[in-house]
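Atoms within a ligand are numbered from 1 in the order they appear, just like the ligands themselves. Along the sequence shown, residues are numbered consecutively beginning with 1.
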Amino acid sequence: MSEPVLRVEDLHVYYHTQRGPVKAVDGVSFTLEPNARLGLVGESGSGKSTMALALMRMIKSPGKIESGRIILDGQDVVRLTPDEMRSVRLNQIAMVPQGAMNSLNPVTRVRKQIVDGLRAHNVYMSKPEMEKRVNDVLRWVDLDPSVADMYPHELSGGMKQRVCIAIAISLGPKVIIADEPTSALDVVIQRQVMETIGRVQEELGAAVILIGHDMGLMVQFVDRLAVMYGGKIAELGDVREIFREPLHPYTQLLINSLPRLADKGELQGIPGLAPSLLNAPPCCLFHMRCPHAMEICKSVTPPAEEIRPNRVVACHLYEGAPTFAAPALKESVS
Ligand code: SF4
């Protein structure tokens, strides 16, 4: 297996409030190989978007990366200065944020928005070179170069999202984070945008982290899936194996709640509410909703363990299950 392009080790990100710390990301570890596609799923408040912001070093006060390492292509970005980090963004890691298409400046033509993005990362070229770069990145995302002369209000939702993807990939990053990249688009455009992201990823040889809660989209797009709950990874493994046999009770309920044709329109949700992460005590934060909860679950945090090759689960039900030696994963997931 090739060297991971990204290695996240025991990452903790807290938001400090007057009532105490909100542990939005609480001991997350995973690795990402070049060209790989990893999905991060979970309910609102599970920590997945905070995770994305942490990878970009864009956590704002009162949030803070408390501890852990984010090794991107050999360097720990947690320890970089703001100036060093600015050159890493777009060059090595880039994000298409949630609602990205609404972040475009409505009174600025697309060309200037792409050029401004490049200049903000200290990329200076001659005018013809810059023009070529703008045309190239628009073509990468299946847009005609004439779009460079247009204002965002002249574009459809799908075209605006493609412009945002063009800005994100304009420097050929090694890791692309896509945070709910298709949430405001209709199903046909969603599919086209995901195909574009997939093709661009392959052409760049980049890895992708797809963040969202649409399990159907995940199974179509990613190779590996990390299911987040309460700021932690509940289950991590091959996406098809997880769908075939989900092991963590939360993953089981998540997959059971997917609509099926036979259900005749009756949807099954997951009972109960997402946990508060404020002053979260040691326990399994899912115990109030879990059909298999035991006494130990109320007071002891279940460790994330590799309970079979390439499958990590954090649940007391599996404690003592034989573990397997899969060095790359074993060493990367705490
Ligand atoms: Fe359920 Fe306990 Fe497993 Fe948590 S640790 S998912 S409460 S069985």
Which heavy atom of the protein is the closest neighbour of atom 6 (S) of ligand 1, given with residue, atom name and distance? His248 CE1, 3.5 Å
Sole candidate of Ile209, Ile177, Val28 that passes side chain to side chain contact (heavy atoms under 4.5 Å, CB included) when paired with Leu40: Ile209
How many angstroms lie between CD in Gln201 and CZ in Phe221, if you round to the nearest 0.5 Å? 5.5 Å
So, Thr182 side chain and Leu185 main chain: donor-acceptor pair closer than 3.5 Å or not? no
Contacts satisfying salt bridge (charged side-chain N to carboxylate O under 4.0 Å, His left out) that involve residues 94-118 (not counting sequence neighbours) are Arg111-Glu131, Arg111-Asp149, Lys112-Asp116
Near atom 2 (Fe) of ligand 1 (cut-off under 2.8 Å), count of protein N, O or S atoms: 1
Report yes or no: does Arg133 contribute a side-chain atom to a donor-acceptor pair with the main-chain N or O of Ser170 at less than 3.5 Å? yes
Classify the ring geometry of Tyr151 against His153: parallel below 30°, tilted from 30° to 60°, perpendicular beyond 60°. parallel
